[in-house]
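Proteins get letters first, then strands, A, B, ... in listed order; numbering begins at 1 in each.
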Amino acid sequence: MKPPPFRYHDPGSLDEAVALLATLENAKLLAGGQSLMPMLNMRFVQPDHVIDLNRITGLAHIRESAARIEIGAMTRQRDLEFSDLIRCRCPLMREALLQVGHRQTRNRGTIGGSLCHLDPAAELPMVAAALEADIQVASRRGTRTLPMADFPAFYMTPAIEPDEIVTGLGFTPWPEGHGAAFVEFARRPGDFAVVGVAALLDLDGAGCIRRAAIALGGVGQGPVRWSRGEDLLQGEAATDDTLRAAAESCRGVAAMGDAQASADYRRHLAGVLAGRALRAARDRARRVP
Amino acid sequence: MTAPAPGADARRITLTVNGRRHDVEVETRLTLADCLRHGLGLTGTHLGCEHGVCGACTVLVDGRSARSCLMLAVQANGAAITTVEGLAASDGTLHPLQQAFQAHHGLQCGFCTPGMLITLIEFLGDHPDPDAAAVREAIGGNLCRCTGYQGIVAATLDAARRMRAAP
Ligand code: FES
Ligand code: FES
(Lines give C-alpha, C1' and ligand atoms only; values in the text may rest on other atoms or scores of the structure.)
(Ligands and ions follow the chains in the order given, each with its own letter.)
Protein backbone atom coordinates (compact mmCIF):
# COMPACT_ATOMS: atom_id res chain seq x y z
CA MET A 1 0.00 0.00 0.00
CA LYS A 2 1.44 3.31 -1.04
CA PRO A 3 -0.01 6.79 -1.29
CA PRO A 4 -1.07 7.75 -4.81
CA PRO A 5 1.03 10.37 -6.61
CA PHE A 6 0.43 13.97 -5.54
CA ARG A 7 2.30 17.24 -5.46
CA TYR A 8 3.58 18.09 -2.01
CA HIS A 9 3.56 21.62 -0.62
CA ASP A 10 4.93 22.65 2.76
CA PRO A 11 4.15 26.33 3.26
CA GLY A 12 6.01 28.14 6.04
CA SER A 13 3.18 30.51 6.91
CA LEU A 14 -0.58 30.49 7.23
CA ASP A 15 -0.85 33.13 4.48
CA GLU A 16 0.97 30.86 2.08
CA ALA A 17 -1.16 27.90 3.14
CA VAL A 18 -4.50 29.63 2.59
CA ALA A 19 -3.26 30.98 -0.77
CA LEU A 20 -2.35 27.45 -1.87
CA LEU A 21 -5.66 26.06 -0.65
CA ALA A 22 -7.55 28.77 -2.51
CA THR A 23 -5.82 28.11 -5.82
CA LEU A 24 -5.04 24.39 -5.98
CA GLU A 25 -7.64 21.95 -7.22
CA ASN A 26 -8.34 18.77 -5.26
CA ALA A 27 -5.98 19.58 -2.38
CA LYS A 28 -5.89 17.96 1.05
CA LEU A 29 -4.45 19.46 4.23
CA LEU A 30 -1.99 17.27 6.12
CA ALA A 31 -1.82 17.91 9.88
CA GLY A 32 -0.64 15.10 12.17
CA GLY A 33 -1.33 12.50 9.49
CA GLN A 34 -2.88 9.94 11.81
CA SER A 35 -6.08 9.84 9.75
CA LEU A 36 -5.08 11.21 6.34
CA MET A 37 -1.99 9.01 5.97
CA PRO A 38 -3.92 5.73 6.42
CA MET A 39 -6.49 7.02 3.94
CA LEU A 40 -3.71 7.88 1.49
CA ASN A 41 -1.98 4.54 1.99
CA MET A 42 -5.22 2.74 1.26
CA ARG A 43 -6.01 5.21 -1.53
CA PHE A 44 -9.38 6.07 -0.05
CA VAL A 45 -8.40 9.62 -0.95
CA GLN A 46 -6.50 10.58 -4.08
CA PRO A 47 -5.64 14.25 -3.87
CA ASP A 48 -3.69 16.01 -6.59
CA HIS A 49 -2.03 18.20 -3.95
CA VAL A 50 -1.12 17.68 -0.31
CA ILE A 51 -0.56 20.84 1.73
CA ASP A 52 1.49 19.97 4.80
CA LEU A 53 0.81 22.33 7.73
CA ASN A 54 3.65 21.06 9.90
CA ARG A 55 6.11 23.83 9.08
CA ILE A 56 3.71 26.58 10.20
CA THR A 57 4.99 27.13 13.74
CA GLY A 58 2.40 29.79 14.65
CA LEU A 59 -0.34 27.17 14.76
CA ALA A 60 1.01 25.13 17.69
CA HIS A 61 0.45 26.72 21.08
CA ILE A 62 -1.47 26.38 24.35
CA ARG A 63 -2.16 29.79 25.90
CA GLU A 64 -4.22 31.26 28.68
CA SER A 65 -5.39 34.79 28.10
CA ALA A 66 -8.20 36.89 29.56
CA ALA A 67 -9.85 33.89 31.27
CA ARG A 68 -9.79 31.92 28.02
CA ILE A 69 -7.68 29.00 26.90
CA GLU A 70 -6.54 29.17 23.30
CA ILE A 71 -5.10 26.13 21.54
CA GLY A 72 -3.52 26.18 18.08
CA ALA A 73 -4.85 23.64 15.61
CA MET A 74 -1.42 22.07 15.05
CA THR A 75 -0.83 21.46 18.77
CA ARG A 76 0.10 17.81 19.18
CA GLN A 77 -2.20 15.70 21.31
CA ARG A 78 0.83 14.71 23.35
CA ASP A 79 1.71 18.32 24.13
CA LEU A 80 -1.82 18.81 25.44
CA GLU A 81 -1.52 15.58 27.43
CA PHE A 82 1.62 16.87 29.15
CA SER A 83 0.49 20.51 29.54
CA ASP A 84 0.23 21.70 33.15
CA LEU A 85 -2.28 24.32 32.06
CA ILE A 86 -4.57 21.67 30.56
CA ARG A 87 -4.11 19.33 33.52
CA CYS A 88 -5.04 22.05 36.03
CA ARG A 89 -7.65 24.05 34.14
CA CYS A 90 -9.21 21.49 31.82
CA PRO A 91 -8.97 18.01 33.36
CA LEU A 92 -11.73 16.82 31.01
CA MET A 93 -9.45 17.25 28.01
CA ARG A 94 -6.58 15.44 29.67
CA GLU A 95 -8.71 12.45 30.65
CA ALA A 96 -10.07 12.28 27.10
CA LEU A 97 -6.62 12.57 25.54
CA LEU A 98 -5.36 9.57 27.46
CA GLN A 99 -7.98 7.57 25.56
CA VAL A 100 -7.05 8.97 22.13
CA GLY A 101 -5.05 6.35 20.25
CA HIS A 102 -1.65 5.48 21.67
CA ARG A 103 1.50 7.34 22.59
CA GLN A 104 2.89 6.81 19.08
CA THR A 105 -0.18 8.39 17.50
CA ARG A 106 -0.58 11.17 20.08
CA ASN A 107 3.02 12.20 19.46
CA ARG A 108 2.01 13.20 15.92
CA GLY A 109 -1.76 13.66 16.03
CA THR A 110 -3.08 17.21 16.40
CA ILE A 111 -6.19 18.65 17.99
CA GLY A 112 -7.12 20.43 14.78
CA GLY A 113 -6.81 17.21 12.84
CA SER A 114 -9.11 15.39 15.28
CA LEU A 115 -11.70 18.15 15.05
CA CYS A 116 -11.66 18.24 11.25
CA HIS A 117 -11.62 14.47 10.76
CA LEU A 118 -14.70 14.52 13.00
CA ASP A 119 -15.10 10.82 13.55
CA PRO A 120 -18.47 10.46 15.33
CA ALA A 121 -16.80 8.61 18.21
CA ALA A 122 -13.63 10.73 18.44
CA GLU A 123 -12.85 12.03 21.90
CA LEU A 124 -11.68 15.58 21.22
CA PRO A 125 -14.81 16.74 19.35
CA MET A 126 -16.85 15.53 22.36
CA VAL A 127 -14.61 17.59 24.63
CA ALA A 128 -14.95 20.66 22.41
CA ALA A 129 -18.74 20.22 22.46
CA ALA A 130 -18.86 19.93 26.25
CA LEU A 131 -16.66 23.03 26.63
CA GLU A 132 -18.65 25.03 24.06
CA ALA A 133 -15.42 25.85 22.30
CA ASP A 134 -15.19 28.35 19.47
CA ILE A 135 -13.47 27.05 16.38
CA GLN A 136 -11.25 29.54 14.57
CA VAL A 137 -11.01 29.34 10.82
CA ALA A 138 -8.91 31.22 8.26
CA SER A 139 -9.04 31.63 4.51
CA ARG A 140 -7.78 34.16 2.01
CA ARG A 141 -11.07 35.96 2.63
CA GLY A 142 -10.20 36.53 6.30
CA THR A 143 -10.86 34.80 9.60
CA ARG A 144 -14.01 33.79 11.43
CA THR A 145 -15.02 31.73 14.43
CA LEU A 146 -17.90 29.34 14.70
CA PRO A 147 -19.29 27.67 17.80
CA MET A 148 -18.56 23.96 18.15
CA ALA A 149 -22.34 23.39 18.16
CA ASP A 150 -22.36 24.50 14.50
CA PHE A 151 -19.08 22.86 13.50
CA PRO A 152 -20.30 19.38 12.48
CA ALA A 153 -22.19 19.70 9.19
CA PHE A 154 -22.85 16.01 8.72
CA TYR A 155 -21.08 12.68 9.02
CA MET A 156 -17.30 13.31 9.30
CA THR A 157 -17.70 16.70 7.64
CA PRO A 158 -17.09 20.02 9.38
CA ALA A 159 -19.10 23.08 8.35
CA ILE A 160 -16.17 24.90 6.77
CA GLU A 161 -15.63 25.95 3.19
CA PRO A 162 -13.17 24.15 0.91
CA ASP A 163 -10.79 27.13 1.09
CA GLU A 164 -10.82 27.38 4.88
CA ILE A 165 -8.30 26.05 7.39
CA VAL A 166 -9.07 25.46 11.06
CA THR A 167 -6.40 27.42 12.93
CA GLY A 168 -7.36 26.78 16.54
CA LEU A 169 -9.99 26.70 19.21
CA GLY A 170 -10.72 28.75 22.29
CA PHE A 171 -12.93 28.20 25.31
CA THR A 172 -13.63 29.54 28.76
CA PRO A 173 -12.44 26.94 31.25
CA TRP A 174 -14.90 25.89 33.91
CA PRO A 175 -14.34 27.45 37.34
CA GLU A 176 -11.82 26.20 39.86
CA GLY A 177 -13.21 23.19 41.72
CA HIS A 178 -15.51 21.91 38.98
CA GLY A 179 -15.68 18.18 38.41
CA ALA A 180 -14.96 16.59 35.04
CA ALA A 181 -14.96 13.06 33.68
CA PHE A 182 -14.49 11.43 30.32
CA VAL A 183 -15.65 7.83 30.12
CA GLU A 184 -15.79 5.63 27.06
CA PHE A 185 -16.26 2.05 26.03
CA ALA A 186 -13.95 0.77 23.30
CA ARG A 187 -13.20 -2.78 22.22
CA ARG A 188 -9.51 -2.19 22.93
CA PRO A 189 -7.79 0.71 24.67
CA GLY A 190 -6.81 3.25 22.05
CA ASP A 191 -9.55 2.41 19.58
CA PHE A 192 -12.19 4.94 18.73
CA ALA A 193 -14.93 4.63 21.32
CA VAL A 194 -18.10 2.70 20.59
CA VAL A 195 -19.74 5.30 22.83
CA GLY A 196 -18.11 8.00 24.94
CA VAL A 197 -19.43 10.54 27.43
CA ALA A 198 -17.94 13.84 28.58
CA ALA A 199 -19.41 15.28 31.78
CA LEU A 200 -18.80 18.56 33.59
CA LEU A 201 -20.40 19.61 36.90
CA ASP A 202 -20.04 22.78 38.94
CA LEU A 203 -21.36 22.53 42.51
CA ASP A 204 -22.30 25.32 44.88
CA GLY A 205 -21.58 25.39 48.64
CA ALA A 206 -24.66 23.28 49.41
CA GLY A 207 -23.77 20.59 46.87
CA CYS A 208 -26.35 21.73 44.35
CA ILE A 209 -25.51 21.70 40.66
CA ARG A 210 -24.87 25.22 39.43
CA ARG A 211 -24.07 24.14 35.91
CA ALA A 212 -23.84 20.85 34.03
CA ALA A 213 -22.67 19.73 30.60
CA ILE A 214 -23.08 16.31 29.03
CA ALA A 215 -21.66 15.49 25.59
CA LEU A 216 -22.24 12.11 23.96
CA GLY A 217 -20.19 10.61 21.15
CA GLY A 218 -20.55 7.50 19.05
CA VAL A 219 -24.31 7.81 18.86
CA GLY A 220 -25.08 10.35 16.15
CA GLN A 221 -23.23 11.85 13.21
CA GLY A 222 -21.17 14.07 15.47
CA PRO A 223 -20.89 14.89 19.16
CA VAL A 224 -24.28 15.47 20.81
CA ARG A 225 -24.88 17.93 23.64
CA TRP A 226 -27.52 16.23 25.77
CA SER A 227 -29.50 19.20 27.08
CA ARG A 228 -32.38 17.03 28.29
CA GLY A 229 -30.01 15.47 30.84
CA GLU A 230 -28.41 18.81 31.67
CA ASP A 231 -31.85 20.27 32.46
CA LEU A 232 -32.53 17.42 34.90
CA LEU A 233 -29.33 18.33 36.77
CA GLN A 234 -29.46 22.11 36.73
CA GLY A 235 -30.18 23.50 40.23
CA GLU A 236 -30.66 20.06 41.81
CA ALA A 237 -28.74 18.47 44.66
CA ALA A 238 -26.04 16.23 43.18
CA THR A 239 -27.41 13.04 44.73
CA ASP A 240 -27.11 9.59 43.20
CA ASP A 241 -30.81 9.71 42.31
CA THR A 242 -30.47 13.01 40.45
CA LEU A 243 -27.46 11.78 38.53
CA ARG A 244 -29.16 8.48 37.74
CA ALA A 245 -32.21 10.25 36.29
CA ALA A 246 -30.01 12.39 34.04
CA ALA A 247 -27.96 9.37 32.97
CA GLU A 248 -31.07 7.31 32.20
CA SER A 249 -32.37 10.13 30.00
CA CYS A 250 -29.33 9.58 27.75
CA ARG A 251 -30.91 6.33 26.61
CA GLY A 252 -33.34 8.52 24.70
CA VAL A 253 -30.65 9.80 22.34
CA ALA A 254 -31.15 9.11 18.62
CA ALA A 255 -28.42 6.59 17.78
CA MET A 256 -27.17 5.01 14.58
CA GLY A 257 -26.24 1.36 14.45
CA ASP A 258 -23.40 -0.09 12.42
CA ALA A 259 -21.39 -3.29 12.11
CA GLN A 260 -19.69 -2.62 15.43
CA ALA A 261 -22.73 -1.97 17.61
CA SER A 262 -26.50 -1.70 17.16
CA ALA A 263 -28.38 1.52 17.84
CA ASP A 264 -30.00 -0.13 20.88
CA TYR A 265 -26.66 -1.11 22.35
CA ARG A 266 -25.30 2.39 21.79
CA ARG A 267 -28.26 3.89 23.63
CA HIS A 268 -27.72 1.42 26.45
CA LEU A 269 -24.05 2.38 26.65
CA ALA A 270 -24.91 6.08 26.63
CA GLY A 271 -27.00 5.58 29.77
CA VAL A 272 -24.47 3.41 31.59
CA LEU A 273 -21.44 5.53 30.69
CA ALA A 274 -23.23 8.80 31.47
CA GLY A 275 -23.96 7.42 34.93
CA ARG A 276 -20.29 6.62 35.47
CA ALA A 277 -19.15 9.96 34.10
CA LEU A 278 -21.59 12.00 36.16
CA ARG A 279 -20.75 10.17 39.39
CA ALA A 280 -17.02 10.60 38.77
CA ALA A 281 -17.46 14.30 37.94
CA ARG A 282 -19.54 14.82 41.09
CA ASP A 283 -17.00 12.99 43.27
CA ARG A 284 -14.17 15.07 41.83
CA ALA A 285 -15.97 18.40 42.22
CA ARG A 286 -15.41 20.63 45.22
CA ARG A 287 -18.32 22.55 46.67
CA VAL A 288 -17.57 26.18 45.96
CA PRO A 289 -19.85 28.74 47.61
CA MET B 1 14.11 1.02 -5.53
CA THR B 2 13.15 4.39 -4.10
CA ALA B 3 14.75 6.44 -6.84
CA PRO B 4 12.04 8.85 -7.92
CA ALA B 5 10.28 7.94 -11.14
CA PRO B 6 10.93 10.39 -13.99
CA GLY B 7 8.65 13.39 -13.65
CA ALA B 8 7.54 12.42 -10.13
CA ASP B 9 7.28 15.04 -7.41
CA ALA B 10 10.57 14.54 -5.56
CA ARG B 11 12.83 16.27 -3.05
CA ARG B 12 16.29 15.90 -1.67
CA ILE B 13 16.21 15.37 2.11
CA THR B 14 18.69 14.83 4.91
CA LEU B 15 18.02 12.30 7.64
CA THR B 16 20.20 11.41 10.58
CA VAL B 17 19.44 7.77 11.28
CA ASN B 18 21.03 6.16 14.32
CA GLY B 19 23.60 8.95 14.33
CA ARG B 20 24.53 8.61 10.67
CA ARG B 21 23.68 11.29 8.14
CA HIS B 22 22.03 10.36 4.88
CA ASP B 23 21.25 12.57 1.90
CA VAL B 24 18.60 10.99 -0.29
CA GLU B 25 16.29 12.00 -3.05
CA VAL B 26 12.76 10.76 -2.44
CA GLU B 27 9.40 10.95 -4.08
CA THR B 28 7.30 13.17 -1.84
CA ARG B 29 4.68 10.42 -1.47
CA LEU B 30 7.22 7.94 -0.07
CA THR B 31 6.54 7.00 3.55
CA LEU B 32 9.32 7.28 6.10
CA ALA B 33 9.06 3.52 6.63
CA ASP B 34 9.72 2.76 2.95
CA CYS B 35 12.52 5.32 2.87
CA LEU B 36 14.25 3.59 5.78
CA ARG B 37 13.73 0.10 4.44
CA HIS B 38 14.22 0.50 0.72
CA GLY B 39 16.13 3.74 0.44
CA LEU B 40 18.58 3.19 3.29
CA GLY B 41 18.44 -0.61 3.53
CA LEU B 42 17.46 -0.50 7.19
CA THR B 43 15.01 -3.37 7.10
CA GLY B 44 14.82 -3.72 10.88
CA THR B 45 11.78 -1.45 10.86
CA HIS B 46 8.89 -3.71 9.91
CA LEU B 47 5.67 -2.98 8.09
CA GLY B 48 2.64 -4.96 9.20
CA CYS B 49 -0.44 -3.00 8.28
CA GLU B 50 0.73 0.24 6.66
CA HIS B 51 -2.21 2.11 8.13
CA GLY B 52 -1.27 2.84 11.70
CA VAL B 53 -2.80 -0.13 13.49
CA CYS B 54 -0.06 -2.65 14.30
CA GLY B 55 2.84 -0.57 15.63
CA ALA B 56 5.52 -2.71 13.94
CA CYS B 57 6.92 0.33 12.10
CA THR B 58 7.44 2.46 15.22
CA VAL B 59 10.63 4.57 15.20
CA LEU B 60 11.77 7.53 17.25
CA VAL B 61 11.61 10.87 15.44
CA ASP B 62 13.59 13.45 17.41
CA GLY B 63 13.17 11.24 20.46
CA ARG B 64 9.42 10.73 20.14
CA SER B 65 7.86 7.49 18.97
CA ALA B 66 5.92 7.65 15.73
CA ARG B 67 4.46 5.21 13.27
CA SER B 68 6.76 5.51 10.28
CA CYS B 69 4.03 4.28 7.92
CA LEU B 70 2.05 7.41 8.83
CA MET B 71 4.80 9.92 8.03
CA LEU B 72 6.15 10.99 4.71
CA ALA B 73 9.91 10.80 4.38
CA VAL B 74 9.95 14.48 3.38
CA GLN B 75 8.36 15.32 6.72
CA ALA B 76 11.38 13.85 8.49
CA ASN B 77 13.78 16.13 6.62
CA GLY B 78 16.37 17.33 9.14
CA ALA B 79 15.15 14.99 11.88
CA ALA B 80 17.10 12.50 13.96
CA ILE B 81 15.61 9.02 13.64
CA THR B 82 16.29 6.02 15.85
CA THR B 83 15.43 2.58 14.52
CA VAL B 84 15.92 -0.84 16.07
CA GLU B 85 19.34 -1.01 14.37
CA GLY B 86 20.43 1.86 16.61
CA LEU B 87 19.70 0.20 19.95
CA ALA B 88 22.70 -2.11 20.38
CA ALA B 89 26.09 -0.65 21.34
CA SER B 90 28.63 -0.16 18.55
CA ASP B 91 30.46 -3.36 19.63
CA GLY B 92 27.24 -5.31 19.11
CA THR B 93 26.32 -5.63 22.78
CA LEU B 94 22.55 -5.71 22.90
CA HIS B 95 20.62 -3.01 24.74
CA PRO B 96 19.43 -4.20 28.20
CA LEU B 97 15.86 -4.26 26.87
CA GLN B 98 16.93 -6.48 23.96
CA GLN B 99 18.79 -8.76 26.37
CA ALA B 100 15.71 -9.01 28.55
CA PHE B 101 13.52 -9.86 25.52
CA GLN B 102 15.96 -12.66 24.75
CA ALA B 103 15.99 -13.94 28.34
CA HIS B 104 12.21 -13.84 28.82
CA HIS B 105 11.06 -15.12 25.43
CA GLY B 106 9.73 -11.68 24.55
CA LEU B 107 9.69 -12.71 20.90
CA GLN B 108 8.98 -15.67 18.69
CA CYS B 109 8.88 -14.71 15.03
CA GLY B 110 10.24 -11.26 15.83
CA PHE B 111 7.99 -9.38 13.47
CA CYS B 112 6.54 -7.08 16.12
CA THR B 113 9.82 -6.81 18.04
CA PRO B 114 11.33 -3.65 16.49
CA GLY B 115 8.15 -1.69 17.17
CA MET B 116 7.84 -3.16 20.67
CA LEU B 117 11.45 -2.27 21.51
CA ILE B 118 11.26 1.29 20.21
CA THR B 119 7.92 1.90 21.91
CA LEU B 120 9.24 0.55 25.20
CA ILE B 121 12.51 2.50 24.99
CA GLU B 122 10.52 5.73 24.95
CA PHE B 123 8.21 4.41 27.67
CA LEU B 124 11.04 3.37 30.01
CA GLY B 125 12.69 6.76 29.51
CA ASP B 126 9.58 8.39 30.99
CA HIS B 127 8.68 5.61 33.45
CA PRO B 128 11.83 4.00 34.85
CA ASP B 129 9.86 2.02 37.45
CA PRO B 130 6.60 0.89 35.82
CA ASP B 131 4.17 -1.78 36.98
CA ALA B 132 2.82 -4.50 34.69
CA ALA B 133 -0.43 -2.66 34.02
CA ALA B 134 1.45 0.41 32.78
CA VAL B 135 3.60 -1.76 30.50
CA ARG B 136 0.50 -3.38 29.02
CA GLU B 137 -1.00 0.04 28.41
CA ALA B 138 2.24 1.25 26.77
CA ILE B 139 2.22 -1.60 24.24
CA GLY B 140 -1.53 -1.31 23.67
CA GLY B 141 -0.82 -0.03 20.16
CA ASN B 142 1.58 -2.85 19.21
CA LEU B 143 0.18 -6.12 17.94
CA CYS B 144 1.99 -9.41 18.50
CA ARG B 145 0.64 -12.54 16.84
CA CYS B 146 2.92 -14.96 18.66
CA THR B 147 3.86 -14.40 22.25
CA GLY B 148 0.64 -13.63 24.08
CA TYR B 149 2.51 -10.60 25.45
CA GLN B 150 3.42 -12.23 28.79
CA GLY B 151 7.10 -12.56 27.94
CA ILE B 152 7.20 -9.01 26.63
CA VAL B 153 5.77 -7.61 29.85
CA ALA B 154 8.14 -9.73 31.98
CA ALA B 155 11.09 -8.65 29.86
CA THR B 156 10.18 -4.99 30.17
CA LEU B 157 9.87 -5.15 33.94
CA ASP B 158 13.20 -6.96 34.16
CA ALA B 159 14.88 -4.48 31.82
CA ALA B 160 13.54 -1.60 33.90
CA ARG B 161 15.14 -3.16 36.98
CA ARG B 162 18.46 -3.62 35.21
CA MET B 163 18.42 -0.13 33.75
CA ARG B 164 17.67 1.43 37.14
CA ALA B 165 20.56 -0.53 38.68
CA ALA B 166 23.00 0.51 35.94
CA PRO B 167 21.71 3.65 34.28
S1 FES C 1 2.92 -0.75 9.66
FE2 FES C 1 2.80 1.16 10.63
S3 FES C 1 1.41 0.77 12.22
FE4 FES C 1 1.35 -1.10 11.12
S1 FES D 1 6.90 -12.28 18.05
FE2 FES D 1 5.76 -12.79 16.29
S3 FES D 1 4.46 -11.06 16.12
FE4 FES D 1 5.34 -10.77 18.05
Side-chain angles (χ1 to χ4, degrees), chain A residues 1-10 12 24 27-28 30-56 74 76-79 81-82 98-110 113 117 186-192, chain B residues 2 4-5 7-11 13 26-34 38 47-79 115 118-120 122-123 125-127 133 136-143:
Chain A
M1 292 195 301
K2 310 293 167 203
F6 51 73
R7 288 200 79 81
Y8 174 81
H9 309 265
D10 56 344
L24 298 173
K28 277 276 172 205
L30 176 58
Q34 303 304 291
S35 303
L36 181 59
M37 284 297 300
M39 295 196 316
L40 284 170
N41 285 352
M42 293 190 277
R43 303 199 176 190
F44 289 157
V45 287
Q46 307 214 358
D48 292 314
H49 300 273
V50 167
I51 304 171
D52 185 351
L53 304 176
N54 282 278
R55 280 211 311 126
I56 309 175
M74 286 298 292
R76 308 278 170 197
Q77 292 157 2
R78 96 151 243 154
D79 291 323
E81 176 185 338
F82 287 93
L98 293 172
Q99 298 171 68
V100 175
H102 307 280
R103 169 63 78 82
Q104 302 108 315
T105 62
R106 294 196 293 268
N107 280 343
R108 296 283 306 161
T110 65
H117 188 60
R187 290 285 172 98
R188 291 159 301 208
D191 285 6
F192 278 124
Chain B
T2 51
D9 192 39
R11 287 204 188 174
I13 60 168
V26 294
E27 271 191 50
T28 53
R29 65 173 170 147
L30 187 75
T31 64
L32 175 59
D34 282 343
H38 302 300
L47 281 166
C49 68
E50 293 181 271
H51 63 281
V53 173
C54 72
C57 67
T58 305
V59 300
L60 299 181
V61 179
D62 290 330
R64 292 182 175 191
S65 65
R67 295 187 178 331
S68 61
C69 70
L70 299 189
M71 264 185 88
L72 298 170
V74 280
Q75 294 186 295
N77 187 20
I118 294 287
T119 299
L120 289 165
E122 179 188 53
F123 171 73
D126 294 342
H127 305 90
R136 287 179 199 282
E137 164 89 39
I139 57 171
N142 296 72
L143 302 185

Exercise for the section: Let me see the working for A:Met37 and B:Thr31 under side chain to side chain contact (heavy atoms under 4.5 Å, CB included), right down to the final yes or no. Expected result: CA-CA 9 Å; A:Met37 284 297 300; B:Thr31 64; 4.1 Å; yes
Practice task
Please indicate whether B:Arg64 has more than 12 foreign heavy atoms, meaning atoms of other residues, nucleotides or ligands, lying under 6.0 Å from its CZ.
Solution key: yes
Completion exercise
B:Thr28 and A:Tyr8 have their tightest heavy-atom pair at CB-CB, 3.4 Å
Completion exercise
B:Leu143 meets the side chain to side chain contact (heavy atoms under 4.5 Å, CB included) criterion, sequence neighbours left out, with B:Val53, B:Cys54, B:Tyr149
Practice task
Using non-hydrogen atoms and a 4.5 Å limit, figure out which bit of A:Arg103 sits close to chain B: side chain, backbone, both or neither.
Solution key: both
Practice task
Begin from the C-alpha positions of A:Asp10 and B:Arg11 and carry the test side chain to side chain contact (heavy atoms under 4.5 Å, CB included) through to its verdict.
Solution key: CA-CA 12 Å; A:Asp10 56 344; B:Arg11 287 204 188 174; 3.0 Å; yes
Handout entry: Residue selection (most heavy-atom pairs with chain A, distance under 4.5 Å) from B:Leu70, B:Leu60, B:Ile139
Key = B:Leu70
Practice task
Using modelled atom types only, decide if a donor and an acceptor are shared between the side chain of A:Asn54 and the backbone of B:Gln75 within a distance under 3.5 Å.
Solution key: no
Exercise for the section: Below 4.5 Å from any heavy atom of chain A, which atoms of B:Asp126 appear? Answer side chain, backbone, both or neither. Expected result: side chain
Practice task
Go through A:Arg108 and B:Arg67 one step at a time and tell me if the side chain to side chain contact (heavy atoms under 4.5 Å, CB included) criterion holds.
Solution key: CA-CA 9 Å; A:Arg108 296 283 306 161; B:Arg67 295 187 178 331; over 6 Å; no
Problem - Side chain / backbone / both / neither for A:Asp191 at chain B, heavy atoms under 4.5 Å - result: neither
Practice task
Side chain from CB out, backbone as N, CA, C, O: work out which of these in A:Leu40 comes under 4.5 Å of a heavy atom of chain B, or both, or neither.
Solution key: neither
Problem - Those residues that, when tested against A:Asp52, pass salt bridge (charged side-chain N to carboxylate O under 4.0 Å, His left out) (two or more places apart) - result: none
Problem - A:Gln104 and B:Asn142, any side-chain heavy atoms less than 4.5 Å apart - result: yes
Handout entry: Partner chain A: residue of B:Ala8, B:Gly52, B:Cys69 with the largest heavy-atom pair count (under 4.5 Å)
Key = B:Cys69
Completion exercise
The interface call for A:Arg55 against chain B, heavy-atom contacts under 4.5 Å, is neither
Practice task
State whether the side chain of B:Arg29 and the backbone N or O of A:Pro3 hold a donor-acceptor pair below 3.5 Å, judged by distance alone.
Solution key: yes
Problem - Expected output: side-chain A:Asn41 to main-chain B:His51 donor-acceptor under 3.5 Å - result: no
Handout entry: Check: A:Asn107 side chain, B:Ala66 main-chain N or O, donor-acceptor pair, under 3.5 Å
Key = no
